[in-house]
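Everything quoted here is computed from the prediction, not taken from an experiment. Along the sequence shown, residues carry numbers from 1.
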Amino acid sequence: SKIVNQASDSLVTVTSKKEGVNWYDSPYQIETRDSGLVIKKGIKKIMILVSLEHVQDADSIEVGFPNSYITEGSLANYDEERNLAIVSVPVDNIPQYILDRIVEANMNASFEVDNGTPILAVGSPNGVPNSMDYGIVTNCSQEISTCDMNLEIAYSNMRFGKNASGFILNVGGEVIGMIYKDTSIGNDNYGTYVQLSSIENLVEKLVNKDERTYLGVIAENMTARELEDAGITSGIYIKEVLTDSPAYDAGIQSGDIILSINEIGISNVNGLVDILEHSEPKNENVIVIKRFLADEPKELEYTVSFGKKTH
């Protein structure tokens, strides 16, 4: 379709190669092909967003651009928990006539979907590069709790393949999401994707190799009923504290409710994300939590030095 053709100059094929030796001392090579998205066309490098699982342990990476031009790429940065990776390709490796074809993806993180919104999946939605599918959004109100942030997940009526990867477009040809596989969030028969709005800032930090600050908690927003039962008006519930994280070292526990950080009330997980994005690692921060000990609520105050997240 016209929409897919417009997006094709931002889509690339990423091939990872792993080498080894079998039981008979014979060398072998395993290739995995994935779809990537050009998100930055710089003066020196082309930066490509791709699923980490396909490139993390690769011995070498090849990137296929328009006109079937293939050149070497490298893993520039990644976020392991969210399965996101950035592959870079030096501009000097690409002939000018190919460079002229490559365009940065038209991304729209502010695009809002509703149930019934028509969408297209491009890249490898069927598990095969350069495939496509189309459908509608069937549920756009799901969230997955991950370390220090939540991912906004949408369901569609499409059925993605086992090795699916790729990106979601609206009918205007704008990228609004990335195919996301997580068996914990629902029926395998339905294609799920993470909405661009929830990973946009993270992807930008990965591209720019910006320092990332972390606390190390997996938290979730609380309903009005849960807040009322806890006797509070705002806060976020900690499902899990990651071992050896700044939160763990400070003594914060799963089941605690974060009320405030540095006297700033925390009403949702995005509030935590905002504070972390505007904080420096190793700075001391005062976190007030509510903890229930033998059904007796108690407010506790912890001084926490945020950590520096690598991957």
Side-chain angles (χ1 to χ4, degrees), residues 49-53 55-57 75-86 109 142-154 177-186 192-222 235-262 264 266-291 302-311:
L49 176 63
V50 67
S51 297
L52 174 62
E53 62 185 315
V55 296
Q56 185 171 20
D57 299 319
L75 180 59
N77 207 352
Y78 63 91
D79 182 280
E80 192 161 15
E81 187 172 8
R82 265 71 64 162
N83 193 32
L84 301 173
I86 303 297
Q142 299 296 312
E143 284 191 347
I144 296 178
S145 299
T146 67
C147 178
D148 295 335
M149 67 180 289
N150 285 356
L151 298 181
E152 297 173 0
I153 300 295
M178 183 175 183
I179 291 174
Y180 188 87
K181 292 177 292 181
D182 189 329
T183 56
S184 69
I185 60 175
T192 54
Y193 70 91
V194 57
Q195 299 193 56
L196 185 60
S197 56
S198 63
I199 59 171
E200 178 187 32
N201 290 342
L202 174 57
V203 170
E204 184 177 355
K205 286 181 178 290
L206 292 175
V207 168
N208 297 327
K209 295 189 175 180
D210 292 338
E211 203 167 56
R212 291 187 286 149
T213 304
Y214 89 111
L215 175 60
V217 298
I218 296 176
E220 60 184 20
N221 297 324
M222 300 178 67
I236 58 174
Y237 178 80
I238 300 177
K239 292 175 59 178
E240 182 181 347
V241 177
L242 302 187
T243 304
D244 296 328
S245 67
Y248 180 91
D249 293 340
I252 296 173
Q253 303 175 9
S254 60
D256 289 345
I257 299 172
I258 295 179
L259 303 177
S260 67
I261 301 178
N262 299 331
I264 300 173
I266 305 298
S267 59
N268 53 48
V269 176
N270 286 339
L272 170 62
V273 172
D274 188 61
I275 287 178
L276 291 174
E277 287 183 348
H278 293 89
S279 300
E280 298 291 331
K282 303 199 180 291
N283 284 356
E284 289 191 345
N285 305 271
V286 177
I287 300 181
V288 177
I289 63 100
K290 190 163 193 176
R291 180 177 297 165
Y302 290 93
T303 299
V304 183
S305 294
F306 292 150
K308 178 181 178 181
K309 188 170 178 62
T310 51
H311 299 296

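- Partners of N285 according to the side chain to side chain donor-acceptor pair (under 3.5 Å) rule, which considers only residues two or more places apart in sequence or in another chain, are N262.
- Scanning both residues, A109 and S197, for their nearest heavy atoms gives O-CB, 3.1 Å.
- Taking CG from N150 and CG from N270, the interatomic distance works out to 7.5 Å, rounded to the nearest 0.5 Å.
- When all heavy atoms of A219 and V269 are compared, the closest pair comes out as O-CG2, 3.9 Å.
- Side-chain atoms of E81 come within 3.5 Å of backbone atoms of C147 as a donor-acceptor pair (strictly under, hydrogens ignored).
- R291 places no side-chain N or O within donor-acceptor distance of the main-chain N or O of G255, the cut-off being under 3.5 Å.
- To the nearest 0.5 Å, atoms CG (N201) and CG (D210) are separated by 10.5 Å.
- Formation of a donor-acceptor pair under 3.5 Å by the N208 side chain with backbone atoms of E204 is found in this model.
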Original post:
Can M222 and N268 be said to form a side-chain contact (heavy atoms from CB on, under 4.5 Å), step by step?
Top reply: CA-CA 8 Å; M222 300 178 67; N268 53 48; over 6 Å; no
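- Counting all heavy atoms, side chain and backbone alike, S198 lies closest to E152 at OG-N, 3.3 Å.
- We find the CD-CD distance between Q195 and E200 to be 12.5 Å, quoted to the nearest 0.5 Å.
- In this structure, the separation between CG on L84 and CD on E53 is 10.5 Å, given to the nearest 0.5 Å.
- Looking at heavy atoms from C-beta onward, L206 lies in side-chain contact with D79 at the 4.5 angstrom threshold.
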**OP:** Could you please spell out the steps behind the side-chain contact (heavy atoms from CB on, under 4.5 Å) verdict for E284 and V304?
**Re:** CA-CA 5 Å; E284 289 191 345; V304 183; over 6 Å; no
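- Without hydrogens or angle criteria, H311 side chain to Y78 main chain gives a donor-acceptor distance under 3.5 Å.
- Between I287 and L215 the shortest side-chain heavy-atom distance falls below 4.5 Å.
- Contact of the D256 side chain with the I258 side chain is not registered, since no non-hydrogen atoms from C-beta on lie closer than 4.5 Å.
- Under the rule for a salt bridge (Lys or Arg N to Asp or Glu O under 4.0 Å), K205 has no partner lying at least two apart in sequence or in another chain.
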Subject >> Criterion side-chain contact (heavy atoms from CB on, under 4.5 Å) on N221 and E143, from CA distance to verdict >> reply: CA-CA 10 Å; N221 297 324; E143 284 191 347; 3.5 Å; yes
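- Between the side chain of T303 and the backbone N or O of V286, no donor-acceptor pair lies under 3.5 Å.
- Remark: the backbone N or O of L202 is not paired with any side-chain donor or acceptor of R212 at under 3.5 angstrom.
- Annotation: side chain of E211 is not in contact with side chain of K309 (no heavy-atom distance under 4.5 Å).
- Side-chain contact between I261 and D274: absent, with no pair of heavy atoms (C-beta onward) separated by less than 4.5 Å.
- No donor-acceptor pair under 3.5 Å is formed between the side chain of N77 and the backbone N or O of V207.
- Closest approach of S279 to I275, counting heavy atoms only: OG-O, 2.6 Å.
- No side-chain donor-acceptor contact under 3.5 Å links D148 to the backbone of L276.
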**OP:** Take E80 and L52 through the side-chain contact (heavy atoms from CB on, under 4.5 Å) test and state the conclusion after the steps.
**Re:** CA-CA 7 Å; E80 192 161 15; L52 174 62; 4.1 Å; yes
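- M178 is not listed as a side-chain neighbour of Y193, based on a closest heavy-atom distance of 4.5 Å or more.
- The distance from the OG atom of S260 to the CD1 atom of I266 is 7.0 Å, given to the nearest 0.5 Å.
- Scanning all heavy atoms of the two residues, the minimum distance from T213 to F306 falls at CG2-CB, 3.2 Å.
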Can you give each donor-acceptor pair under 3.5 Å made by side-chain atoms of residues 238-248, sequence neighbours left out, with the distance rounded to 0.1 Å?
| from | atom 1 | to | atom 2 | distance (Å) |
| --- | --- | --- | --- | --- |
| S245 | OG | G216 | O | 3.4 |
| S245 | OG | L242 | O | 2.7 |
| S245 | OG | Y248 | N | 3.2 |

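- A distance of 8.5 Å separates OG1 of T192 from OH of Y180, quoted to the nearest 0.5 Å.
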